[in-house]
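Each chain gets a letter, A, B and so on, in the order the sequences are listed, and its residues count up from 1. Since the structure is predicted, the reported quantities are computational estimates derived from the model, not experimental observations.
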Protein chains: 2
Amino acid sequence: MASIASHSLIWVKTKTKSQAVAKPPKDNSPITEHLAYLLAQANREINRQLEMRLSKEGVPVEQWRILKVLSDGNGHSMGELADAVLLNHPTLTKMVDRMVSDALVYRVQDPKDRRKVLMFVSDRGKALSKRLNSLAVSQEEHIVESYGDKSTNELKRLLESLIDSSN
Amino acid sequence: MASIASHSLIWVKTKTKSQAVAKPPKDNSPITEHLAYLLAQANREINRQLEMRLSKEGVPVEQWRILKVLSDGNGHSMGELADAVLLNHPTLTKMVDRMVSDALVYRVQDPKDRRKVLMFVSDRGKALSKRLNSLAVSQEEHIVESYGDKSTNELKRLLESLIDSSN
DNA sequence: CTTCAATTGTTGAATATTCAATATTTTCAA
DNA sequence: TTGAAAATATTGAATATTCAACAATTGAAG
């Protein structure tokens with residue numbers, strides 16, 4: 001990992017003239033200045049691109065998430081899984097039903113707490129998961145190409161800390 | 001607007017030690033290292049918060065967007081509006097149907113191109129829009145409180161440029 | 001122990017979204 | 001000028017999501 005001195009005296013290029021810096025939106029600001037809108041817009045676009053990649057395997061983005069989370073080999077309860085893959089419980093139940101039909105995952109009742117169901121990924125699911133991961137990684141590489149390494153990493157860092165600060 | 005010299009010699013605080021910097025994800029990276037996932041997660045959380053605020057007026061986030069876009073007073077065609085508010089055309093048509101029933105907006109056939117329908121906001125819609133904007137602005141202020149001004153502005157800037165680079 | 005509240009997951013009905021087909025109008029080439 | 005293709009918006013059927021109610025199990029207080 002890059003390690004640099006704790007303080008550096010460097011030239012920083014700064015904007016001339018009044019900057020188009022995002023300000024807290026006023027009542028009459030365009031919607032494009034709202035963080036909530038920018039997040040929705042960026043998410044929609046990136047998700048659309050990923051969806052197109054994954055369509056090669058005929059699988060929705062949510063199933064990639066499910067397979068990826070389960071690929072640690074441990075059993076995950078439905079509740080846990082729902083949080084991890086950003087789906088409501090009933091939506092997850094029904095998507096898992098489909099994936100069970102497709103023999104990608106299977107349910108096991110948790111012996112420690114029989115209210116719970118532990119989800120596992122099948123061999124078939126693991127194989128699919130690998131192919132999906134390649135597609136997802138290649139999408140992110142494509143983003144990095146046009147958007148840049150620095151920006152991508154900085155954006156990820158900021159998103160993580162936004163999520164942290166929202167809990 | 002703030003105006004500063006075009007180059008400044010300043011102290012920049014930099015990280016000591018190896019940083020926990022996000023790297024391009026590998027096949028076996030956790031899903032939380034994928035940009036697509038972080039965007040979905042952040043969007044879900046911020047959208048959920050906004051939804052809760054707007055529920056005071058019994059209005060979904062999408063209707064706030066529609067009213068906000070139409071609040072410039074100009075007529076907007078359905079296609080234009082669909083793009084702006086991040087909805088598919090048929091979804092928008094049906095949501096607009098509801099809003100017309102609620103007397104928030106109305107349709108006018110475009111005299112220049114009669115394939116098009118121009119959408120306008122009613123007085124009632126304008127009044128509601130104002131109240132919704134207050135709620136949305138106060139949400140963003142709340143985010144800025146816990147997340148910080150710098151981070152918020154930087155995040156917005158990066159999201160804008162991500163979107164730009166994706167077109 | 002027993003009972004009642006909380007947790008976990010699923011189901012079915014109600015609602016919303018999406019896909020494909022349609023209708024209308026405009027554009028443009030022949 | 002005409003006819004075919006493109007653009008725009010809507011519709012209805014198919015699909016997906018959500019809400020509220022339910023069933024099963026556990027936890028915990030009395």
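Here C:dG9 is the nucleotide among C:dA16, D:dA9, C:dG9 with the atom lying nearest to any side-chain atom of A:Met78.
For A:Glu51 and C:dT17, the CD to C1' distance is 13 Å, given to the nearest whole Å. Regarding B:Lys112, its NZ atom lies at a distance of 18 Å from the P atom of C:dT25, rounded to whole Å. One can place NZ of B:Lys116 at 13 Å from P of D:dT10, the figure rounded to the nearest angstrom. Summarising the geometry, the separation between CG on B:Asp97 and P on C:dT17 is reported as 12 Å, rounded to the nearest angstrom. A:Met95 places its CE atom 10 Å from the P atom of D:dT18, with the value rounded to the nearest Å. As rounded to whole Å, 17 Å separates atom C1' of C:dT10 from atom CG of A:Asp110. The nearest whole Å value for the distance from the NE2 atom in B:His89 to the C1' atom in C:dA23 is 17 Å. Rounded to an integer number of Å, the gap from CD of A:Glu62 to P of D:dT17 is 7 Å.
Contact check on A:Asp97 versus A:Lys94 returns no salt bridge, with no Lys/Arg side-chain nitrogen under 4.0 Å from an Asp/Glu carboxylate oxygen. The pair A:Glu140-A:Lys156 meets the salt-bridge criterion, since a charged nitrogen lies less than 4.0 angstrom from a carboxylate oxygen. The existence of a salt bridge linking A:Arg157 and A:Glu154 is confirmed by a sub-4.0 Å separation between a basic side-chain nitrogen and an acidic carboxylate oxygen. Comment: A:Arg115 engages A:Asp113 in a salt bridge, judged by a side-chain N to carboxylate O separation of less than 4.0 angstrom.
For D:dA9, one of the phosphate oxygens OP1 or OP2 lies less than 4.0 angstrom from a side-chain nitrogen or oxygen of B:Ser77. Taking 4.0 angstrom as the limit, A:Asn88 places a side-chain polar atom (N or O) nearer than this to OP1 or OP2 of D:dT18. Applying the 4.0 Å criterion to OP1 and OP2 of D:dT18, one finds that A:Thr91 has a side-chain N or O inside that range. Phosphate proximity of D:dT10 to B:Arg107: present, with a side-chain N or O under 4.0 Å from OP1 or OP2.
Between A:Val121 and A:Ser71, the shortest heavy-atom distance links the atoms CG1-CA, 4.3 Å.
Nearest-nucleotide positions on DNA chain D for A:Arg114 and A:Lys94 put A:Lys94 closer to the 5' end. Sequence order on DNA chain C of the closest nucleotides to B:Pro111 and B:Leu87 puts B:Leu87 first from the 5' end. Positionally, the nearest nucleotide of DNA chain D for B:Pro90 lies more toward the 5' end than for the other of A:Gln109 and B:Pro90.
Within the 4.5 Å cutoff, side-chain heavy atoms of A:Ile31 are placed close to those of B:Arg65.
Defined by atom type and a distance below 3.5 Å, a donor-acceptor pair is missing between the side-chain atoms of A:Glu45 and A:Gln41.
For the helix from C:dC1-D:dG30 to C:dA30-D:dT1, the terminal axes (five pairs an end, C1' atoms, rotation from four pairs onto the next four) enclose an angle of 20°, given to 10 degrees.
Taking 3.5 Å as the limit, the base of C:dT7 and the side chain of A:Arg115 contain a donor-acceptor pair of atoms between them.
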